[in-house]
Amino acid sequence: MSTFDKLAPFIQDYIYRNGWEELREIQVAACDVIFNTDSNLLIATPTASGKTEAAFLPVITKLYNEPCESVGVLYIAPLKALINDQFARIEELLREAYIPVTKWHGDVSATAKNKLLKKPSGILQTTPESLEAMLMRRKEQAVKLFSDLRFIIIDEVHNFIGEERGTQLISLLERLQKLTGMIPVRIGLSATLGDIEGAEDWLNGGTERKCITPDTGVKRRRAVVMVEHFYEFAFQEKDKKNEISFYDNLYELTRGKKSIVFSNARSEVEKNIVNLKDVAKKRGEPDVFMVHHGSISASDREFVEEQMRLSDLPLVTGATVTLELGIDLGDLERIIQVGCPKSVASLSQRLGRSGRRSGVSEMCFLFEEEKRSESTEFYKAINWSFIKCIALIELYRENYIEPVLPERYPFGILYHQTMSFLYSRGEASPEVLAQSLLSEYAFRFVTQEDYKELLRYLLKIGHIERTENGGFILGTEGEKIANHYDFYSVFESDVEYSVREGSHEIGTLTRLMQPDTTFVLGGKSWMVTEIDKENKNIYVKSAEGKPPTVWDGTGEVIEHTRVLKKMKEIITTDCMYPYLGDGAKKRLAEIRQVAAGAGLETKEIFEISPDTYGISLWLGTRALNSLDYILNKLLPDRKFAEPYWPFLIVKNVTKNELMDALDYIRKNDVTESDYIVPKDAKTFGKYNDFVPENLLIKQYVDRYTDVVEMKEEISL
DNA sequence: GACCTGCTGCGGGATG
């Protein structure tokens with residue numbers, strides 16, 4: 001019997017109706033796993049390879065053949081928008097099978113939720129936060145809802161793995177298993193995984209099932225990339241006055257092509273779009289420009305998504321990471337990235353957004369910078385983010401994607417899950433708490449001792465209390481926190497002011513603007529007419545000109561050593577890359593000259609001034625931190641280490657002292673106990689204020705240092 | 001600390 005024949009009849013009809021000639025390879029492979037094994041399944045194939053259908057076709061068939069007594073499939077996604085998007089697709093597939101699909105998230109009415117509670121069946125689509133709320137507020141109903149749950153499908157798994165939100169999710173799934181006694185088969189979907197084993201391990205967490213990741217050999221689309229570099233207009237050489245500006249270039253690149261212009265900051269997105277509109281106006285050409293980021297209202301973002309999907313016009317949308325996930329945007333012809341993407345994974349995800357129809361993805365990377373004065377230190381004359389970008393492209397071509405860093409000590413989430421557990425259960429003895437939570441995959445590295453310390457601290461600050469029986473319940477302070485609806489999420493949110501033109505919400509700002517000030521939001525200029533402090537509303541009317549945007553700053557990421565090594569290769573060899581434009585070639589040549597002058601190819605230590613040295617060992621963030629903290633101990637007189645990535649700048653030492661210190665590290669068995677960690681080194685987290693200091697340091701050291709890698713790398 | 005992501009249950013008032 002062929003795979004097609006095994007599918008439920010209404011699915012076969014659906015396939016005919018949609019004119020599919022055959023099932024995709026990954027869909028056949030997924031059916032094999034679901035029909036013939038009881039393993040978990042990881043579907044890790046490129047964008048537009050039919051992953052969603054690969055998961056749902058066999059799962060729905062099973063649901064049809066062996067109906068469940070409750071909800072049979074739990075689908076979890078990181079975004080409400082993704083749930084809404086998938087809802088329409090799945091609903092069509094199930095129309096004739098009498099299998100209901102229910103959305104369950106914050107925008108869904110109580111009526112719809114109650115309807116499902118009366119007769120739990122079919123497929124439930126939700127978010128980690130809604131699942132948290134269900135387990136906390138309506139545990140009995142949740143048990144009824146999922147008493148016969150067979151499958152859990154997690155979309156965009158890479159978005160969860162290695163993140164606090166993913167730790168929360170995997171903990172919730174395990175709590176649900178314990179409540180219902182069912183261990184559903186888990187299916188993970190992602191187009192961007194560099195570390196299949198790590199992802200399998202995460203997906204399996206607490207199921208005691210194996211995971212199968214079918215290797216279908218599906219190749220990702222051919223990609224055409226281009227990198228170009230500009231100096232700011234004002235800094236261009238005088239005889240080149242006719243040279244067109246950065247934005248004219250950006251305009252030409254997107255002209256007549258449906259595209260996304262990605263940036264790493266909201267303010268930059270706004271700036272790009274305002275300037276593109278300006279160029280269009282000057283040329284008397286149509287305004288096809290839109291904006292999509294986290295401060296644009298949900299309704300306006302939906303409008304942008306819909307326009308991108310349905311319109312025949314060559315629309316151009318400026319976006320941050322908000323358009324990186326799998327919301328359907330139709331066929332895009334070109335992707336532009338202004339500045340360097342954060343990782344190969346992000347680059348790959350953005351690239352995958354284009355070329356669905358043509359089969360060729362197109363992406364242009366654009367850089368603009370001020371010309372530096374000649375006298376600056378050599379390492380400040382190197383545009384590191386430009387070099388990193390070439391490194392990421394090269395690594396992408398080598399099929400490399402960063403591995404996930406499993407978090408061994410997620411104490412903030414352990415606090416959160418402890419509070420949630422106590423809230424839903426009422427009272428629990430210390431033994432039950434420890435047995436229930438520490439046995440979970442999410443907290444498998446946490447020791448009894450550390451948990452005891454956390455609980456003692458929570459008693460002290462009144463978040464939990466002891467009862468006469470010796471059990472724990474929530475304390476007064478703890479109840480305040482767990483009772484607030486902000487508790488369901490494990491990430492922090494700023495106070496936001498709603499920007500409104502009449503009754504229409506344009507978006508939000510994190511600070512209150514005074515009347516008569518102007519700013520840009522959604523690619524348009526606004527003037528504040530009225531503020532309503534109490535209800536957090538800012539009323540605006542249309543304004544002219546290009547006033548400033550309202551966010552600033554750029555952030556940090558954990559860099560991997562492999563990226564740093566590639567960067568070294570790029571600036572110390574003379575290999576030319578065919579995808580560099582003229583400006584980019586020129587800039588790379590300049591940088592290489594600077595690097596050669598400083599002897600970066602061979603020198604580990606370079607002199608900046610007689611008592612200041614730079615160390616260039618090309619280490620990733622975690623290994624570099626390890627080196628830094630060990631030097632703190634070995635060179636106690638060292639006054640100041642400027643972490644001028646990718647170097648370590650060391651002051652108040654002699655070259656010999658520094659060389660001896662590196663020599664010592666190479667020859668001796670240094671460990672984490674040789675660190676002196678600076679006082680301000682701490683991981684950020686919404687609940688870390690409720691975790692004792694030394695546990696936070698333990699968490700920090702685990703996440704942000706890697707002494708083993710450091711030793712290996714500097715001993716090569 | 002850049003960029004994202006999420007949200008209960010109630011009570012009061014309007015509407016059919």
Side-chain angles (χ1 to χ4, degrees), chain A residues 76-84 103-111 113-114 117 125-139 141-142 154-169 172 262-270 292-296 298 301 318-327 337-343 345-346 349-350 385 412 416 420 423-424 479-496 507-508 510 549-558 680-686 688-689 700 704:
Chain A
I76 294 161
L79 303 179
K80 286 185 287 190
L82 211 54
I83 288 173
N84 297 342
K103 291 187 271 192
W104 186 298
H105 58 63
D107 300 344
V108 174
S109 71
T111 323
K113 292 175 180 169
N114 287 330
L117 284 168
Q125 304 171 294
T126 194
T127 62
E129 289 73 19
S130 281
L131 191 59
E132 182 82 60
M134 264 188 246
L135 290 190
M136 279 180 77
R137 301 259 178 182
R138 30 173 124 210
K139 194 177 66 180
Q141 288 174 322
I154 307 174
D155 211 345
E156 310 275 3
V157 277
H158 60 276
N159 203 264
F160 290 116
I161 301 174
E163 292 286 319
E164 292 199 306
R165 208 172 171 212
T167 307
Q168 173 194 25
L169 173 58
L172 289 171
F262 280 109
S263 304
N264 298 334
R266 286 170 287 189
S267 58
E268 217 174 299
V269 171
E270 296 282 357
H292 194 285
H293 57 64
S295 293
I296 301 295
R301 277 153 72 168
T320 57
V321 68
T322 49
L323 285 186
E324 211 175 273
L325 289 175
I327 299 163
Q337 165 78 43
V338 178
C340 181
K342 144 184 131 155
S343 59
S346 169
Q349 196 78 10
R350 291 177 184 194
S385 99
H416 183 256
S420 168
Y423 185 101
S424 68
E479 257 180 7
K480 270 188 218 159
I481 287 165
N483 259 327
H484 196 274
Y485 73 70
D486 184 50
F487 183 75
Y488 307 120
S489 67
V490 295
F491 46 84
E492 249 168 329
S493 42
D494 296 323
V495 179
E496 286 188 328
T508 57
T510 48
T549 52
V550 274
W551 309 272
D552 45 29
T554 53
E556 271 188 339
V557 288
I558 294 183
D680 57 350
K682 229 199 250 179
T683 45
F684 294 99
K686 186 175 174 186
N688 284 7
D689 281 351
Y700 177 85
Y704 290 98

In whole angstroms, how far is the [atom2] atom of [N] from the [atom1] atom of [X]?
X         : N      : atom1 : atom2 : answer
Leu325(A) : dG6(B) : CG    : C1'   : 14 Å
Tyr704(A) : dG1(B) : OH    : P     : 11 Å
Ile76(A)  : dC7(B) : CD1   : P     : 12 Å
His293(A) : dT5(B) : NE2   : C1'   : 16 Å
Phe491(A) : dA2(B) : CZ    : P     : 16 Å
Leu323(A) : dC4(B) : CG    : P     : 11 Å
Ile558(A) : dC3(B) : CD1   : P     : 18 Å
Leu131(A) : dC7(B) : CG    : C1'   : 13 Å

Quiz item: Looking for any heavy atom pair under 4.0 Å, which part of the strands does Lys342(A) touch: base, sugar-phosphate only, or nothing?
Solution: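 Lys342(A): no heavy atom of the nucleic acid under 4.0 Å.
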Practice problem: Name the nucleic acid region contacted by Glu492(A), choosing base, sugar-phosphate or nothing; use a 4.0 angstrom heavy-atom cut-off, strictly under. | Solution: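 Touches a base.
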Quiz prompt | Sugar-phosphate or base contact per nucleotide [nucleotides 8-16 of chain B; S, B, -; heavy atom under 4.0 Å] | solution = BS-------
Does [N] have OP1 or OP2 under 4.0 Å away from a side-chain N or O of [X]?
X         : N      : answer
Lys686(A) : dG1(B) : no
Thr320(A) : dC4(B) : yes
Thr127(A) : dC7(B) : yes

Any side-chain heavy atom of [X] within less than 4.5 Å of one from [Y]?
X         : Y         : result
Phe487(A) : Ser420(A) : yes
Gln168(A) : Glu129(A) : yes
Glu270(A) : Ile296(A) : yes

Self-check item: P spacing across the pair dT5(B) / dG9(B), given as an integer number of angstrom
Solution: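 It works out to 24 Å between them.
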Self-check item: By side-chain contact (heavy atoms from CB on, under 4.5 Å) - contacts of Lys342(A) (at least two apart)
Solution: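 Expected list: Val557(A).
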Quiz prompt | Distance (rounded to the nearest 0.5 Å) between Phe160(A) CZ and Asp155(A) CG | solution =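 Taking CZ in Phe160(A) and CG in Asp155(A), the distance rounds to 8.5 Å.
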Exercise. Check every atom of dC4(B), dG6(B), dG1(B) against the side chain of Arg301(A) and return the nucleotide holding the closest atom.
Key: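 Of dC4(B), dG6(B), dG1(B), dC4(B) is nearest to the side chain of Arg301(A).
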Quiz item: Which of the following nucleotides, dT5(B), dG6(B), dC3(B), is nearest to the side chain of Thr322(A)?
Solution: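 Nearest to the side chain of Thr322(A) among the choices is dT5(B).
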Quiz item: Yes or no on side chain to side chain contact (heavy atoms under 4.5 Å, CB included) for Trp104(A) and Ile83(A), after CA distance, side-chain angles and deciding distance?
Solution: CA-CA 9 Å; Trp104(A) 186 298; Ile83(A) 288 173; over 6 Å; no
